[in-house]
2 protein chains.
Amino acid sequence: MERNTLGQRSTRQRDVIAEVIRTAAGPLTVQEILARAQADVHGLGVATVYRTLKLLQEGEQVRTVILPTGETRYEAAGLGHHHHFHCRVCDEVYDLDACPVRLPESRAIAPGFVVESHELTFYGTCRRCA
Amino acid sequence: MERNTLGQRSTRQRDVIAEVIRTAAGPLTVQEILARAQADVHGLGVATVYRTLKLLQEGEQVRTVILPTGETRYEAAGLGHHHHFHCRVCDEVYDLDACPVRLPESRAIAPGFVVESHELTFYGTCRRCA
DNA sequence: TCGATACTGATACCACGTTCTCGATAGCCT
DNA sequence: AGGCTATCGAGAACGTGGTATCAGTATCGA
(Lines give C-alpha, C1' and ligand atoms only; values in the text may rest on other atoms or scores of the structure.)
Protein backbone atom coordinates (compact mmCIF):
# COMPACT_ATOMS: atom_id res chain seq x y z
CA MET A 1 0.00 0.00 0.00
CA GLU A 2 1.39 3.39 -0.86
CA ARG A 3 1.95 6.08 1.68
CA ASN A 4 -1.32 7.92 1.65
CA THR A 5 -1.55 11.59 2.44
CA LEU A 6 -4.81 11.59 4.28
CA GLY A 7 -5.21 7.94 5.03
CA GLN A 8 -4.02 8.11 8.59
CA ARG A 9 -5.97 6.19 11.12
CA SER A 10 -8.17 8.00 13.51
CA THR A 11 -6.98 7.26 17.00
CA ARG A 12 -8.13 8.39 20.37
CA GLN A 13 -4.73 9.97 21.04
CA ARG A 14 -4.82 12.10 17.90
CA ASP A 15 -8.40 13.16 18.39
CA VAL A 16 -7.76 14.24 21.95
CA ILE A 17 -4.55 16.13 21.13
CA ALA A 18 -6.24 17.97 18.26
CA GLU A 19 -9.17 18.82 20.50
CA VAL A 20 -6.89 20.14 23.24
CA ILE A 21 -5.27 22.53 20.79
CA ARG A 22 -8.54 23.52 19.17
CA THR A 23 -10.16 24.50 22.47
CA ALA A 24 -7.16 26.25 24.03
CA ALA A 25 -7.32 29.95 24.90
CA GLY A 26 -3.85 30.43 23.47
CA PRO A 27 -0.80 28.59 22.19
CA LEU A 28 0.28 25.65 24.37
CA THR A 29 3.62 24.09 25.17
CA VAL A 30 4.19 20.41 24.48
CA GLN A 31 4.05 19.76 28.21
CA GLU A 32 0.72 21.55 28.51
CA ILE A 33 -0.71 19.60 25.59
CA LEU A 34 0.59 16.38 27.09
CA ALA A 35 -0.87 17.11 30.54
CA ARG A 36 -4.27 18.13 29.22
CA ALA A 37 -4.51 15.21 26.82
CA GLN A 38 -3.45 12.78 29.51
CA ALA A 39 -6.61 13.69 31.40
CA ASP A 40 -8.49 11.94 28.61
CA VAL A 41 -5.94 9.38 27.46
CA HIS A 42 -4.26 7.77 30.41
CA GLY A 43 -0.67 6.85 29.69
CA LEU A 44 -0.23 9.11 26.68
CA GLY A 45 3.45 9.63 25.88
CA VAL A 46 5.35 12.68 24.68
CA ALA A 47 6.45 10.96 21.51
CA THR A 48 2.84 10.71 20.42
CA VAL A 49 2.31 14.39 21.11
CA TYR A 50 5.32 15.30 18.98
CA ARG A 51 4.26 12.89 16.24
CA THR A 52 0.73 14.25 16.20
CA LEU A 53 1.92 17.85 16.21
CA LYS A 54 4.03 17.08 13.18
CA LEU A 55 1.05 15.56 11.38
CA LEU A 56 -1.20 18.47 12.28
CA GLN A 57 1.42 20.92 11.09
CA GLU A 58 1.77 19.10 7.80
CA GLY A 59 -2.00 19.20 7.50
CA GLU A 60 -1.91 22.95 8.15
CA GLN A 61 -4.09 22.57 11.20
CA VAL A 62 -1.49 23.67 13.69
CA ARG A 63 1.33 26.17 13.62
CA THR A 64 4.36 26.81 15.79
CA VAL A 65 4.73 29.95 17.86
CA ILE A 66 8.05 30.93 19.37
CA LEU A 67 7.67 33.54 22.09
CA PRO A 68 10.34 36.13 22.95
CA THR A 69 11.17 34.00 25.97
CA GLY A 70 12.31 31.29 23.58
CA GLU A 71 9.42 29.02 24.54
CA THR A 72 7.99 26.96 21.68
CA ARG A 73 4.22 26.67 21.65
CA TYR A 74 1.60 25.31 19.28
CA GLU A 75 -1.71 26.80 18.27
CA ALA A 76 -4.54 26.08 15.88
CA ALA A 77 -3.86 27.36 12.38
CA GLY A 78 -6.40 29.57 10.68
CA LEU A 79 -7.19 31.77 13.65
CA GLY A 80 -6.61 34.83 11.51
CA HIS A 81 -4.44 37.78 12.43
CA HIS A 82 -3.98 37.91 16.18
CA HIS A 83 -1.38 38.39 18.87
CA HIS A 84 -0.43 36.92 22.22
CA PHE A 85 -0.63 38.05 25.79
CA HIS A 86 1.78 36.48 28.25
CA CYS A 87 0.68 36.88 31.87
CA ARG A 88 3.65 37.64 34.12
CA VAL A 89 1.87 36.18 37.12
CA CYS A 90 0.55 32.83 35.95
CA ASP A 91 2.71 32.49 32.82
CA GLU A 92 -0.32 31.53 30.79
CA VAL A 93 -0.45 32.74 27.18
CA TYR A 94 -3.69 34.01 25.65
CA ASP A 95 -4.81 34.85 22.16
CA LEU A 96 -5.76 38.47 21.49
CA ASP A 97 -7.88 39.47 18.58
CA ALA A 98 -7.10 43.15 18.87
CA CYS A 99 -4.17 44.45 16.82
CA PRO A 100 -3.00 47.86 18.03
CA VAL A 101 -0.30 48.25 15.37
CA ARG A 102 -0.87 51.38 13.28
CA LEU A 103 1.27 51.54 10.19
CA PRO A 104 1.44 54.38 7.66
CA GLU A 105 -0.35 53.91 4.34
CA SER A 106 2.96 53.17 2.65
CA ARG A 107 3.65 50.33 5.07
CA ALA A 108 7.11 51.84 5.46
CA ILE A 109 8.00 51.84 9.14
CA ALA A 110 11.18 53.72 8.29
CA PRO A 111 12.53 55.06 4.98
CA GLY A 112 13.04 52.03 2.75
CA PHE A 113 11.81 49.47 5.28
CA VAL A 114 8.52 48.13 3.97
CA VAL A 115 6.57 45.96 6.38
CA GLU A 116 4.81 42.81 5.17
CA SER A 117 3.86 41.29 8.50
CA HIS A 118 4.57 41.50 12.20
CA GLU A 119 4.61 39.41 15.36
CA LEU A 120 3.60 41.00 18.62
CA THR A 121 3.63 39.68 22.17
CA PHE A 122 2.26 41.55 25.17
CA TYR A 123 3.33 41.14 28.77
CA GLY A 124 1.18 42.07 31.72
CA THR A 125 -1.44 40.73 34.07
CA CYS A 126 -4.32 38.65 32.85
CA ARG A 127 -7.93 38.93 33.89
CA ARG A 128 -7.74 36.13 36.42
CA CYS A 129 -4.54 37.38 38.04
CA ALA A 130 -5.53 41.05 38.24
CA MET B 1 41.83 38.32 45.92
CA GLU B 2 38.07 38.58 46.07
CA ARG B 3 35.90 38.27 43.03
CA ASN B 4 35.78 41.84 41.80
CA THR B 5 32.82 43.18 39.92
CA LEU B 6 34.59 45.48 37.56
CA GLY B 7 38.16 44.42 37.99
CA GLN B 8 38.34 42.35 34.86
CA ARG B 9 41.28 42.80 32.64
CA SER B 10 40.91 44.74 29.47
CA THR B 11 41.73 42.52 26.55
CA ARG B 12 41.72 43.07 22.84
CA GLN B 13 39.11 40.31 22.42
CA ARG B 14 36.67 41.90 24.84
CA ASP B 15 37.16 45.38 23.49
CA VAL B 16 36.53 44.24 19.94
CA ILE B 17 33.47 42.16 20.82
CA ALA B 18 31.94 45.02 22.79
CA GLU B 19 32.66 47.39 19.92
CA VAL B 20 31.08 45.06 17.38
CA ILE B 21 27.86 44.98 19.40
CA ARG B 22 27.91 48.69 20.12
CA THR B 23 28.20 49.65 16.46
CA ALA B 24 25.76 47.11 15.04
CA ALA B 25 22.60 48.25 13.25
CA GLY B 26 20.60 45.61 15.11
CA PRO B 27 20.91 42.55 17.31
CA LEU B 28 23.56 40.05 16.17
CA THR B 29 23.86 36.30 16.38
CA VAL B 30 26.87 34.74 18.07
CA GLN B 31 28.16 33.70 14.67
CA GLU B 32 27.84 37.24 13.33
CA ILE B 33 29.63 38.65 16.36
CA LEU B 34 32.34 36.02 15.97
CA ALA B 35 32.81 36.71 12.26
CA ARG B 36 32.95 40.48 12.65
CA ALA B 37 35.27 40.34 15.64
CA GLN B 38 37.57 37.89 13.88
CA ALA B 39 38.25 40.59 11.30
CA ASP B 40 40.08 42.44 14.08
CA VAL B 41 41.23 39.56 16.26
CA HIS B 42 42.59 36.74 14.17
CA GLY B 43 41.92 33.36 15.71
CA LEU B 44 39.18 34.48 18.07
CA GLY B 45 37.17 31.51 19.36
CA VAL B 46 33.47 31.09 20.05
CA ALA B 47 34.07 30.34 23.71
CA THR B 48 35.47 33.81 24.17
CA VAL B 49 32.45 35.32 22.47
CA TYR B 50 30.10 33.45 24.80
CA ARG B 51 32.21 34.33 27.83
CA THR B 52 32.31 37.99 26.91
CA LEU B 53 28.58 38.08 26.19
CA LYS B 54 27.96 36.68 29.65
CA LEU B 55 30.16 39.34 31.22
CA LEU B 56 28.54 42.12 29.23
CA GLN B 57 25.10 40.84 30.18
CA GLU B 58 26.05 40.77 33.85
CA GLY B 59 27.31 44.31 33.46
CA GLU B 60 23.99 45.28 31.90
CA GLN B 61 25.69 46.36 28.72
CA VAL B 62 24.15 43.71 26.53
CA ARG B 63 20.79 42.00 26.46
CA THR B 64 19.46 38.89 24.75
CA VAL B 65 16.83 39.07 22.04
CA ILE B 66 14.96 35.97 20.92
CA LEU B 67 13.20 36.49 17.61
CA PRO B 68 9.99 34.72 16.58
CA THR B 69 12.13 32.49 14.40
CA GLY B 70 13.75 31.15 17.54
CA GLU B 71 17.06 32.80 16.74
CA THR B 72 18.98 34.14 19.72
CA ARG B 73 20.66 37.48 19.18
CA TYR B 74 22.49 40.02 21.32
CA GLU B 75 22.20 43.78 21.33
CA ALA B 76 23.50 46.72 23.29
CA ALA B 77 21.46 47.41 26.41
CA GLY B 78 20.11 50.88 27.04
CA LEU B 79 18.95 51.59 23.53
CA GLY B 80 15.55 52.58 24.90
CA HIS B 81 12.22 51.34 23.65
CA HIS B 82 12.59 50.02 20.13
CA HIS B 83 11.62 47.13 17.89
CA HIS B 84 13.19 44.95 15.24
CA PHE B 85 12.86 44.60 11.52
CA HIS B 86 13.80 41.28 9.98
CA CYS B 87 14.46 41.49 6.25
CA ARG B 88 13.05 38.49 4.44
CA VAL B 89 15.56 38.87 1.63
CA CYS B 90 18.90 39.28 3.36
CA ASP B 91 17.87 37.97 6.80
CA GLU B 92 19.51 40.93 8.45
CA VAL B 93 17.85 42.34 11.57
CA TYR B 94 17.66 46.10 12.15
CA ASP B 95 16.70 48.27 15.07
CA LEU B 96 13.66 50.48 14.62
CA ASP B 97 13.04 53.50 16.78
CA ALA B 98 9.45 53.88 15.71
CA CYS B 99 6.80 52.16 17.82
CA PRO B 100 3.49 51.91 16.02
CA VAL B 101 1.65 50.26 18.91
CA ARG B 102 -1.33 52.33 20.03
CA LEU B 103 -2.84 51.19 23.31
CA PRO B 104 -5.93 52.61 25.00
CA GLU B 105 -5.42 54.94 27.98
CA SER B 106 -6.27 52.10 30.36
CA ARG B 107 -3.51 49.93 28.89
CA ALA B 108 -6.13 47.16 28.74
CA ILE B 109 -5.83 45.43 25.39
CA ALA B 110 -8.89 43.35 26.30
CA PRO B 111 -11.18 43.39 29.34
CA GLY B 112 -9.00 42.50 32.31
CA PHE B 113 -5.77 42.17 30.33
CA VAL B 114 -3.52 45.05 31.34
CA VAL B 115 -0.39 45.51 29.26
CA GLU B 116 2.92 46.39 30.88
CA SER B 117 5.24 45.91 27.93
CA HIS B 118 5.43 44.41 24.50
CA GLU B 119 7.85 42.89 22.01
CA LEU B 120 7.33 43.50 18.33
CA THR B 121 9.13 42.17 15.28
CA PHE B 122 8.47 43.26 11.72
CA TYR B 123 9.07 41.26 8.60
CA GLY B 124 9.52 42.76 5.18
CA THR B 125 12.13 44.14 2.84
CA CYS B 126 14.89 46.38 4.03
CA ARG B 127 16.16 49.51 2.34
CA ARG B 128 19.09 47.78 0.69
CA CYS B 129 17.03 44.87 -0.64
CA ALA B 130 14.11 46.96 -1.91
C1' DT C 1 60.90 43.85 34.45
C1' DC C 2 58.74 40.19 36.68
C1' DG C 3 55.42 37.24 38.75
C1' DA C 4 50.81 36.15 39.89
C1' DT C 5 46.89 35.06 37.69
C1' DA C 6 43.00 36.35 34.59
C1' DC C 7 42.20 35.31 30.01
C1' DT C 8 42.28 32.70 25.66
C1' DG C 9 41.36 28.93 22.01
C1' DA C 10 40.42 24.21 21.16
C1' DT C 11 37.74 20.80 22.31
C1' DA C 12 35.34 17.76 25.45
C1' DC C 13 31.33 17.88 27.73
C1' DC C 14 26.51 18.82 29.17
C1' DA C 15 21.43 19.86 29.06
C1' DC C 16 17.41 19.77 26.91
C1' DG C 17 14.11 19.41 23.31
C1' DT C 18 13.00 16.47 19.78
C1' DT C 19 13.19 12.19 17.03
C1' DC C 20 14.06 7.25 16.46
C1' DT C 21 13.64 2.28 17.69
C1' DC C 22 11.11 -1.58 18.77
C1' DG C 23 7.94 -4.80 20.64
C1' DA C 24 3.06 -4.49 21.80
C1' DT C 25 -1.57 -2.75 20.61
C1' DA C 26 -5.45 -1.23 18.17
C1' DG C 27 -7.89 0.62 13.60
C1' DC C 28 -10.00 -0.59 9.76
C1' DC C 29 -10.89 -3.20 5.55
C1' DT C 30 -12.81 -7.47 3.84
C1' DA D 1 -14.20 -11.88 13.18
C1' DG D 2 -9.46 -11.97 11.34
C1' DG D 3 -5.38 -10.12 9.65
C1' DC D 4 -2.54 -6.53 7.96
C1' DT D 5 -0.16 -2.77 9.51
C1' DA D 6 -0.38 2.04 11.29
C1' DT D 7 0.09 3.67 15.70
C1' DC D 8 1.32 3.43 20.40
C1' DG D 9 4.47 4.08 24.86
C1' DA D 10 8.98 3.77 26.86
C1' DG D 11 13.26 4.82 26.64
C1' DA D 12 17.49 5.21 23.87
C1' DA D 13 19.60 8.18 20.72
C1' DC D 14 20.36 12.45 18.52
C1' DG D 15 21.47 17.58 17.49
C1' DT D 16 22.41 21.89 19.03
C1' DG D 17 23.48 25.80 21.74
C1' DG D 18 25.99 26.77 25.40
C1' DT D 19 29.53 25.75 29.27
C1' DA D 20 33.65 23.59 31.52
C1' DT D 21 38.41 22.12 31.21
C1' DC D 22 43.13 22.87 30.60
C1' DA D 23 47.59 24.13 28.99
C1' DG D 24 49.56 28.17 27.03
C1' DT D 25 49.53 33.39 26.85
C1' DA D 26 48.85 38.15 27.99
C1' DT D 27 47.70 41.73 31.35
C1' DC D 28 48.97 44.67 34.93
C1' DG D 29 50.40 46.00 39.68
C1' DA D 30 54.58 46.21 42.23
Side-chain angles (χ1 to χ4, degrees), chain A residues 1-21 27-59 61-75 91 93, chain B residues 1-21 27-59 61-75:
Chain A
M1 190 179 287
E2 85 274 54
R3 170 169 289 272
N4 42 17
T5 338
L6 294 168
Q8 290 110 3
R9 291 180 181 172
S10 158
T11 67
R12 186 151 170 54
Q13 287 83 341
R14 289 184 183 173
D15 293 349
V16 169
I17 290 168
E19 182 68 6
V20 162
I21 294 171
L28 303 174
T29 63
V30 166
Q31 289 311 313
E32 285 171 345
I33 295 168
L34 178 63
R36 295 186 192 191
Q38 278 176 335
D40 285 349
V41 182
H42 185 67
L44 180 69
V46 263
T48 300
V49 174
Y50 280 110
R51 276 189 289 241
T52 304
L53 283 172
K54 200 173 184 184
L55 279 179
L56 292 171
Q57 281 180 296
E58 284 166 7
Q61 302 186 54
V62 160
R63 65 178 219 100
T64 303
V65 176
I66 300 178
L67 297 180
T69 55
E71 216 177 38
T72 303
R73 288 173 175 261
Y74 299 88
E75 71 175 6
D91 265 337
V93 180
Chain B
M1 193 180 282
E2 86 272 54
R3 168 171 289 272
N4 43 16
T5 339
L6 295 170
Q8 290 109 2
R9 289 183 181 168
S10 158
T11 67
R12 185 149 170 61
Q13 286 84 340
R14 290 183 183 173
D15 293 348
V16 169
I17 291 169
E19 182 68 7
V20 163
I21 294 171
L28 304 175
T29 63
V30 166
Q31 289 311 314
E32 286 170 345
I33 295 167
L34 179 63
R36 296 187 190 189
Q38 277 176 337
D40 285 349
V41 182
H42 185 67
L44 179 70
V46 262
T48 300
V49 174
Y50 279 112
R51 276 191 289 244
T52 303
L53 283 172
K54 200 174 184 185
L55 279 179
L56 292 171
Q57 281 180 295
E58 285 166 7
Q61 300 186 56
V62 161
R63 66 179 219 98
T64 303
V65 176
I66 300 178
L67 296 179
T69 54
E71 215 178 39
T72 303
R73 287 172 175 260
Y74 300 88
E75 71 175 3

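Residue numbers begin at 1 in each chain, while the letters A, B, ... track the order of the sequences.
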Next on the checklist: Students often get this wrong, so: under 4.0 angstrom with heavy atoms, is Arg14(B) touching a base, only sugar-phosphate, or nothing?
Outcome noted: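 Touches sugar-phosphate only.
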Checklist entry - Under the 3.5 angstrom rule, does the side chain of Thr48(B) hit a backbone N or O of Leu44(B) as a donor-acceptor pair? => result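 No: the side chain of Thr48(B) does not pair with the backbone of Leu44(B).
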Checklist entry - Do Arg73(A) and Glu71(A) sit within salt-bridge range, that is, some charged N less than 4.0 Å from a carboxylate O? => result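 Looking at Glu71(A) together with Arg73(A), the answer is yes, because their closest N to O distance falls below 4.0 Å.
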Item to check | Nearest heavy atoms of Arg12(A) and Asp40(A), plus distance in Å | outcome: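 Between these two residues, the closest heavy atoms are NH2-O, 3.0 Å.
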Item to check | Any Gln13(A) side-chain nitrogen or oxygen under 4.0 Å from OP1 or OP2 of dG9(D) | outcome: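 Yes, because at least one side-chain N or O of Gln13(A) sits under 4.0 Å from OP1 or OP2 of dG9(D).
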Checklist entry - Does Thr11(B) make a side-chain N or O approach to OP1 or OP2 of dT8(C) shorter than 4.0 Å? => result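 So the side-chain polar atoms of Thr11(B) do come within 4.0 Å of the phosphate oxygens OP1 or OP2 of dT8(C), strictly under.
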Next on the checklist: Between Ser10(B) and Thr72(A), which residue's closest nucleotide on DNA chain C lies nearer the 5′ terminus?
Outcome noted: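 The residue closer to the strand's 5' end, by nearest nucleotide, is Ser10(B).
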Which one, [options], comes nearest to the side chain of [X]?
X	options	result
Arg51(A)	dA10(D), dC28(C), dA20(D)	dA10(D)
Tyr50(B)	dG18(D), dG27(C), dG9(D)	dG18(D)
Tyr74(B)	dT7(D), dG18(D), dG9(C)	dG18(D)

Next on the checklist: Would you say that Ile17(B) contacts Ile33(B) through its side chain, given a criterion of any heavy-atom pair below 4.5 Å between the two side chains?
Outcome noted: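 With C-beta onward as the side chain, the pair touches.
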To the nearest angstrom, how far is [X] atom [atom1] from [N] atom [atom2]?
X	N	atom1	atom2	result
Gln57(B)	dG17(D)	CD	C1'	14 Å
Ile17(A)	dT7(D)	CD1	P	13 Å
Lys54(B)	dT19(D)	NZ	C1'	7 Å
Leu55(A)	dA6(D)	CG	P	13 Å
Asp15(B)	dT27(D)	CG	C1'	12 Å
Glu58(A)	dT19(C)	CD	P	10 Å
Arg9(B)	dG3(C)	CZ	C1'	11 Å
Glu32(A)	dG17(C)	CD	C1'	15 Å

Item to check | Leu55(A) and Arg14(A): CA distance, side-chain angles, deciding distance, side chain to side chain contact (heavy atoms under 4.5 Å, CB included) verdict | outcome: CA-CA 9 Å; Leu55(A) 279 179; Arg14(A) 289 184 183 173; 3.3 Å; yes
